[in-house]
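So that the names make sense, note that chain A is the first sequence line, chain B the second, and so on, each numbered from 1. FYI, side chains are in, hydrogens and waters are out, and symmetry mates aren't considered; it's all heavy atoms of this structure.
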Number of protein chains: 2
Amino acid sequence: MAPKDTRARIVHAAMELFWLKGFNSTSIADLLSRTQLNSGSLYHFFPSKQDVLVGVLEAYRDGIEEMLLKPAWEGVDDPIERIFALLALYRRLIVETDCTYGCPIGSLALELHEPDPQVRDLLAANFVGWTNAIVRQLEAAGARLPRALDHEGLAQFVLTTMEGGVMQARTHREVAYFDRAVAMLRTHFQMLEASAKVVA
Amino acid sequence: MAPKDTRARIVHAAMELFWLKGFNSTSIADLLSRTQLNSGSLYHFFPSKQDVLVGVLEAYRDGIEEMLLKPAWEGVDDPIERIFALLALYRRLIVETDCTYGCPIGSLALELHEPDPQVRDLLAANFVGWTNAIVRQLEAAGARLPRALDHEGLAQFVLTTMEGGVMQARTHREVAYFDRAVAMLRTHFQMLEASAKVVA
DNA sequence: CCCCCTCTTGGTTGATCATTCAATCAAGAG
DNA sequence: CTCTTGATTGAATGATCAACCAAGAGGGGG
């Protein structure tokens, strides 16, 4: 097995374990049994558990386009619908996990109370990658939205809606909480589009 | 010292520690050194660490009115302004903690990946207590908002905004992310009020 | 053939974890 | 004075944790 494969296998396993159990509750032993490696091998590629986390966050950051956006936007061209298609993908994840789904980045962002700068920057970079994708859609929507609209702010608001909706759906174990958050955001966009028409 | 005091002291210390470091990262030893108790004393009142968590969540649930709403709404009568006054209180907490603030309930909700039913119900009860307070304000706003408005849904959306805003402000270490979320919600309310006027 | 480097093996270290327990204490009841 | 109760003490337990390390396997180039 090529070394790169081993590294990638560790990251892949860690992505799943951190998502399932969180960072602190995932032990090195968990990681070893999942990857069928010995501790020395793992520590050969990653000097510490923290470095595994860094690898995971880099993988998420670099995979946004391929792993998240591309599947979500399959067959969806309308920019505003793409935003809701992305939210629909999260809905699917919530349903598939019986409402135990948590956004891997959001969960880590709240779990790590004293993250070192590198980790914090990577968490932020993940959020920025996500919101930037939304900003592009808002720009593509052009005149359908008000001229003076704060694209960045609205994009962050979409992320806020997703994270808050996921958190509540998970806590109550009901998708309805996520659905209501999305419905409110839908109303928001409809009102924005309406106000853009009036001005035009 | 009366026994009730010791129990309350443990809960009080645990509230702060869980908020600062999270549940898993707070050790019994942390709790003991903070309360100046011996392990036996703690285990006399709480059979397990989990039971301390239950005590903490009950304290939050029972303290919403006195500890959260009352201070936030001091001198604010307008129902819609009360909603934003509550958000302003969270803003204050964010600033006071140099943008490390995390909602204690939200953080626990995302940190605990396999909470037993009792804990999960208490987390949900805390969210419900919060949103119910918002629902009351929305009802008090009466005709200023659209007749067909989903009060529960909008109240949950306010919570969503708070939680998402807190998460992003904390991750980026900038209040501006919280401010933008609130600004978006403000726009939302303004558009709702405008549409209520048109119909009337 | 040997040297060198990458990678693997798996036992080991010492710290920290939640929890337990027998013993002790103070204070009140009868 | 005796007995009971509730609270407290603090050492001890065994599990689990992240991390370390000496020894060796495997392979490619000289």
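- Within residues 30-42 of chain A, the residues approaching DNA chain C are A:Asn38, A:Ser39, A:Gly40, A:Ser41, by heavy-atom distance under 4.0 Å.
- The stretch residues 46-53 of chain B does not touch DNA chain D, since none of its heavy atoms comes less than 4.0 Å from the strand.
- Between the side chain of A:Asp51 and the backbone N or O of A:Ser48 there is at least one donor-acceptor pair closer than 3.5 Å.
- Listed by first then second residue, pairs satisfying ring pair (Phe, Tyr, Trp, His ring centres under 6.0 Å) with a partner in residues 151-186 of chain A read A:Phe157-A:His188, A:Phe157-B:Phe157, A:His172-A:Tyr177, not counting sequence neighbours.
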Polar atom pairs (N or O), protein with nucleotides 25-28 of chain D, under 3.5 Å:
none

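- Inspection of the A:Asn38 and A:Ser41 side chains reveals no N or O donor paired with an N or O acceptor under 3.5 Å.
- Checking the phosphate oxygens (OP1, OP2) of D:dA7, a side-chain nitrogen or oxygen of B:His44 falls inside 4.0 Å.
- Rounded to an integer number of Å, the gap from CD1 of A:Ile28 to C1' of D:dA19 is 8 Å.
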Show every donor-acceptor pair shorter than 3.5 Å between a side-chain atom in residues 180-187 of chain B and any protein atom, with sequence neighbours excluded, or say none if there are none.
unit_1, atom_1, unit_2, atom_2, d
B:Arg180, NE, A:Gln156, OE1, 2.6
B:Arg180, NH2, A:Gln156, OE1, 3.4
B:Arg186, NH1, B:Glu81, OE2, 3.0
B:Arg186, NH2, B:Glu81, OE1, 3.2
B:Thr187, OG1, B:Ala183, O, 3.0

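- Although no hydrogens or angles enter the test, the distance criterion places no donor-acceptor pair under 3.5 Å between the side chain of B:Arg170 and the main chain of B:Cys99.
- Taking atom CZ of residue B:Phe45 and atom P of nucleotide C:dT19, one finds them 17 Å apart after rounding to whole Å.
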Taking distance alone, no hydrogens or angles, what donor-acceptor pairs closer than 3.5 Å link side-chain atoms of residues 86-94 of chain A to residues at least two apart or in another chain?
unit_1, atom_1, unit_2, atom_2, d
A:Tyr90, OH, A:Trp130, NE1, 2.9
A:Arg91, NH1, A:Asp179, OD1, 2.7
A:Arg91, NH1, A:Asp179, OD2, 2.5

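- Side-chain atoms of A:Leu192 and B:Met191, non-hydrogen and from C-beta on, do get closer than 4.5 Å to each other.
- In this structure, B:Asn24 places its CG atom 15 Å from P of D:dT16, rounding to the nearest Å.
- The main-chain N or O of B:Cys103 is never found under 3.5 Å from a side-chain atom of B:Glu163 such that the two would form a donor-acceptor pair.
- Between B:Tyr43 and C:dT19, a side-chain N or O to OP1/OP2 separation shorter than 4.0 Å is present.
- The two residues B:Val158 and B:Ile134 make their nearest non-hydrogen contact at CG2-CG2, 4.1 Å.
- A donor-acceptor pair is defined here as one N or O able to donate and one able to accept, closer than 3.5 Å; no such pair exists between the side chain of B:Thr171 and the backbone of A:Ala109.
- Contact annotation: A:Ser25 side-chain N/O to D:dC17 OP1/OP2 distance is not under 4.0 Å.
- No donor-acceptor distance shorter than 3.5 angstrom exists from the side chain of A:Arg144 to the backbone of A:Ala196, with no hydrogens or angles considered.
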